[in-house]
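We name chains A, B, ... by the order of the sequence lines, and we start the count at 1 in each one.
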Amino acid sequence: MRQTQAFMPTMKEIPSEAQIVSHQLMLRAGLIRKLASGVYEFLPLGYIVLKKVEQIIRAEMNAAGAQELLLPALQPRELWEETGRWEIYGAEMMKVIDRNKRYFGLGPTHEEVITDLVRQEVKSYRQLPVILYQFQTKFRDEIRPRFGIMRGREFIMKDGYSFDKDEAGLNINYQKMAQAYKNIFTRCGFDFRMVQAGSGNIGGNLSHEFMALANTGEEAIYYCDACQVTLKAKESEEAQPATVEKQICSKCQKEMQYSRGIEVGHTFNLGTKYSAKMKATFLDEKGESKPYIMGCYGIGVSRIVAAAIEQSHDDHGIIWPRQISPYQVIVLPLDVTNEPVKVGAEDLYTALKNKGVEVLLDDRDERAGVKFKDADLIGIPVKVIISARGLAESRIEIKLRKTGEVFKLNTEEALSKIKELI
RNA sequence: CGGGGCGUAGCGCAAUUGGCUAGCGCGCACGGUUCGGGUCCGUGAGGUUCCCGGUUCAACUCCGGGCGCCCCGACCA
């Protein structure tokens, strides 16, 4: 992509509405813009990142045997009354009325819809298990939307649902999903912890949250460096209300670390909570009618983008983890009015594109400083600098966003170095 | 919903006790200049001062009502 043609508005100043760094940088780097409180537009650069995150999740979900589908956001009231959640969800659910005065909810989650679908099609234990998932815009009329995209009223979620004939089957799928989640968050470049949690509005008796560690997180956890034990701060205080300062690991007796966390994923053991109420049943080996044993697996896709920035930035801007960076490389001709510099950059840009590299060319007639600042702000991991100075000694400069490390190489070496870096 | 803050050009801000043509920086357009970390100079465009009503000779400013946005809390896959 050429920057002269890109819709990529960056800002020098920090909009006063943004308090936390990810929100500030998402606005400044031109990833998002606000339409209303808790409602955001994804601009091209932000949307590329969102799609990269989606692609990682999709790959891992598919690898774990889940199948992607797409369910409606518009959901009839009657379905929600089957589970009683039309009342329970209450004001949190956005509602619309059609021309015949029929009520619909804008889906804040999809247990009812998916259970309705499966109960109509899956009648036998022979058809189980099945895991279905989707990427979808969810609507929740949050009491207080905040921190930009972190807690929005409209956001992108990956929600998956497993249906099993028994608890043993659910446990297997639950483990599979937990492993898929670990793979996903690792690939997203996160420092994260998995922690057992309460299950809130979704229900069931067991759930795990996946927390990306960040001091702006809305949650608080204790985790043990020595072993895997992790717990939510709230629950640890309930267990040991007296000890405020220190939390000792129950397993290895060491002092635990405290951290804030951003909830990027949540898995639930639902059991028969929805299937029972919705009479969603199948016939087992003995011909007996049984409700499906369900699990539910959510990931805040858009929230991941914000969380990644919270974990990876500096004073100059975003530092994208390689796997979700909108571009792998940015080519910076420092003076496009200098013909050799311009041509050199164009040639390199073309060469990289032909090799399948995701490359952004800053072909704007701007000063070097402006280009450096913008490149750092939008956080592309590898900068390739073409200048008269470098050309004079037949050298191309490669500079890494994260470490500032510099390589000065000839064109051929530069191409292979880039290949090695991305 | 309780508490707090804010609303003036795309962004960040200013405008004395109510008083002059509502300014400044950034950004934007044009011209020149400069060219390795947001150059410098000049010219210019851009405003329903959130909305409605009131007080007044006069309202960005005061009063009433409404709307919107942000923060803390409660809440929350």
Rounded to the Å, how far apart are [X] [atom1] and [N] [atom2]?
X: Glu17(A); N: C11(B); atom1: CD; atom2: P; result: 9 Å
X: Met150(A); N: C71(B); atom1: CE; atom2: C1'; result: 15 Å
X: Arg151(A); N: C72(B); atom1: CZ; atom2: P; result: 12 Å
X: Leu377(A); N: C11(B); atom1: CG; atom2: P; result: 17 Å
X: Ile143(A); N: C70(B); atom1: CD1; atom2: P; result: 15 Å
X: Phe147(A); N: C76(B); atom1: CZ; atom2: C1'; result: 13 Å
X: Asp362(A); N: G38(B); atom1: CG; atom2: P; result: 15 Å
X: Phe372(A); N: U39(B); atom1: CZ; atom2: P; result: 12 Å

Using the [atom1] atom on both, measure [N] against [M] and round to a whole Å.
N: A9(B); M: G23(B); atom1: C1'; result: 11 Å
N: C62(B); M: G2(B); atom1: P; result: 25 Å
N: G47(B); M: G7(B); atom1: C1'; result: 14 Å
N: C72(B); M: G10(B); atom1: C1'; result: 30 Å
N: U21(B); M: C40(B); atom1: C1'; result: 30 Å
N: A59(B); M: G53(B); atom1: P; result: 14 Å
N: A15(B); M: A22(B); atom1: C1'; result: 7 Å
N: G38(B); M: C6(B); atom1: C1'; result: 29 Å

How is [X] classified with respect to the nucleic acid when contacts are heavy atoms under 4.0 Å: base, sugar-phosphate, or nothing?
X: Ala388(A); answer: nothing
X: Arg28(A); answer: base
X: Asp374(A); answer: base
X: Lys34(A); answer: sugar-phosphate
X: Ile14(A); answer: sugar-phosphate
X: Phe155(A); answer: nothing
X: Ser387(A); answer: base
X: Glu397(A); answer: base

- prompt: Hey, mind stepping through Glu218(A) and Arg144(A) against salt bridge (Lys or Arg N to Asp or Glu O under 4.0 Å) and telling me if it holds?
  reply: CA-CA 13 Å; Glu218(A) 293 183 282; Arg144(A) 182 149 91 89; over 6 Å; no
field: Nearest-neighbour nucleotide for the Ala36(A) side chain, G12(B), G37(B), C69(B) considered
entry: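 For Ala36(A), the side-chain atoms sit closest to C69(B).
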task: Would you indicate which nucleotide in G37(B), C70(B), G36(B) comes nearest to any side-chain atom of Asp376(A)?
output: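 Within the option list, the nearest is G37(B).
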- prompt: Pick from Glu112(A), Glu111(A), Arg85(A): which one makes a side-chain contact (heavy atoms from CB on, under 4.5 Å) with Leu79(A)?
  reply: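 Of the listed residues Glu112(A), Glu111(A), Arg85(A), the side-chain contact (heavy atoms from CB on, under 4.5 Å) partner of Leu79(A) is Glu112(A).
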message: As a check on the pairing definition, encode RNA chain B in dot-bracket form, counting Watson-Crick and G-U wobble pairs whose two distances are under 3.5 Å, and using | for partners outside this strand.
response: (((((((..((((.....[...)))).(((((.......))))).....(((((..]....))))))))))))....
message: Between Glu339(A) and Lys342(A), does any side-chain N to carboxylate O distance fall below 4.0 Å?
response: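 So Glu339(A) does not pair with Lys342(A) through a salt bridge.
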Carboxylate-amine/guanidinium proximity below 4.0 Å for Lys290(A) and Asp166(A):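 Not counted as a salt bridge, because no side-chain N and carboxylate O are separated by less than 4.0 Å.
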- prompt: Step by step, would you call Arg58(A) with Gln55(A) a side chain to side chain donor-acceptor pair (under 3.5 Å)?
  reply: CA-CA 5 Å; Arg58(A) 181 174 286 119; Gln55(A) 202 44 51; 2.9 Å; yes
field: Under 3.5 Å donor-acceptor, Lys95(A) side chain and Gly90(A) backbone
entry: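 It does hold such a pair.
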- prompt: According to the side chain to side chain donor-acceptor pair (under 3.5 Å) rule, which pairs have a member within residues 25-34 of chain A, sequence neighbours left out?
  reply: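 Checked against side chain to side chain donor-acceptor pair (under 3.5 Å) - neighbours excluded - the pairs reaching residues 25-34 of chain A are Glu17(A)-Lys34(A).
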message: By the side chain to side chain donor-acceptor pair (under 3.5 Å) test, which pairs, at least two apart or in different chains, include something from residues 299-322 of chain A?
response: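 For residues 299-322 of chain A, and leaving out neighbouring residues, the side chain to side chain donor-acceptor pair (under 3.5 Å) pairs sorted by first residue read Ser22(A)-Glu310(A), Thr216(A)-Glu310(A), Asp314(A)-Arg401(A).
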- prompt: Do the two ring centres, one from His208(A) and one from Tyr181(A), sit under 6.0 Å apart?
  reply: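 No.
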message: So that I know where these two stand, are Tyr292(A) and Phe163(A) an aromatic pair - ring centroids less than 6.0 Å apart?
response: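 Yes, close enough.
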query: Nearest nucleotide by nearest heavy atom, which residue falls closer to the 5' end of RNA chain B, Gly38(A) or Leu334(A)?
result: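 Its nearest nucleotide lies further toward 5', so the answer is Leu334(A).
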Check the orientation of [X] and [Y]. Use parallel for under 30°, tilted for 30 to 60°, and perpendicular for over 60°.
X: His266(A); Y: Phe268(A); answer: parallel
X: Trp80(A); Y: Tyr89(A); answer: perpendicular
X: Phe185(A); Y: Phe190(A); answer: tilted

field: Base of G37(B) paired with side chain of Lys399(A) (donor-acceptor, under 3.5 Å)
entry: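 Flag set: donor-acceptor pair detected.
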Has [X] got a side-chain N or O lying under 4.0 Å from the OP1 or OP2 atom of [N]?
X: Ser16(A); N: C11(B); value: no
X: Arg146(A); N: C72(B); value: yes
X: Arg367(A); N: U39(B); value: yes
X: Arg144(A); N: C71(B); value: yes

Please enumerate all protein N or O atoms sitting under 3.5 Å from an N or O of nucleotides 26-32 of chain B, with distances to 0.1 Å.
from: C26(B); atom 1: O3'; to: Lys12(A); atom 2: NZ; distance (Å): 3.2

message: Can you list, in residue-number order, the parts of residues 51-77 of chain A that come under 4.0 Å of RNA chain B, counting heavy atoms only?
response: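 Output list: empty, so none.
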message: We want to know whether Asp363(A) and Thr4(A) form a side-chain donor-acceptor pair, criterion being a heavy-atom distance below 3.5 angstrom.
response: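 Yes.
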- prompt: With no hydrogens and no angle check, do the side chains of Tyr161(A) and Asn173(A) hold a donor and an acceptor under 3.5 Å apart?
  reply: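 On atom types as modelled, these side chains do not qualify, holding no pair under 3.5 Å.
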field: Glu60(A) side chain near Arg187(A) side chain, heavy-atom distance below 4.5 Å
entry: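 In contact.
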Check nucleotides 6-8 of chain B for protein N or O atoms closer than 3.5 Å to its own N or O atoms and list the pairs.
none

query: Does Lys138(A) make a cation-pi contact with Phe155(A), if we ask for NZ or CZ under 6.0 Å from the ring centre and within 45° of the axis?
result: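 Not satisfied by the 6.0 Å and 45° rule.
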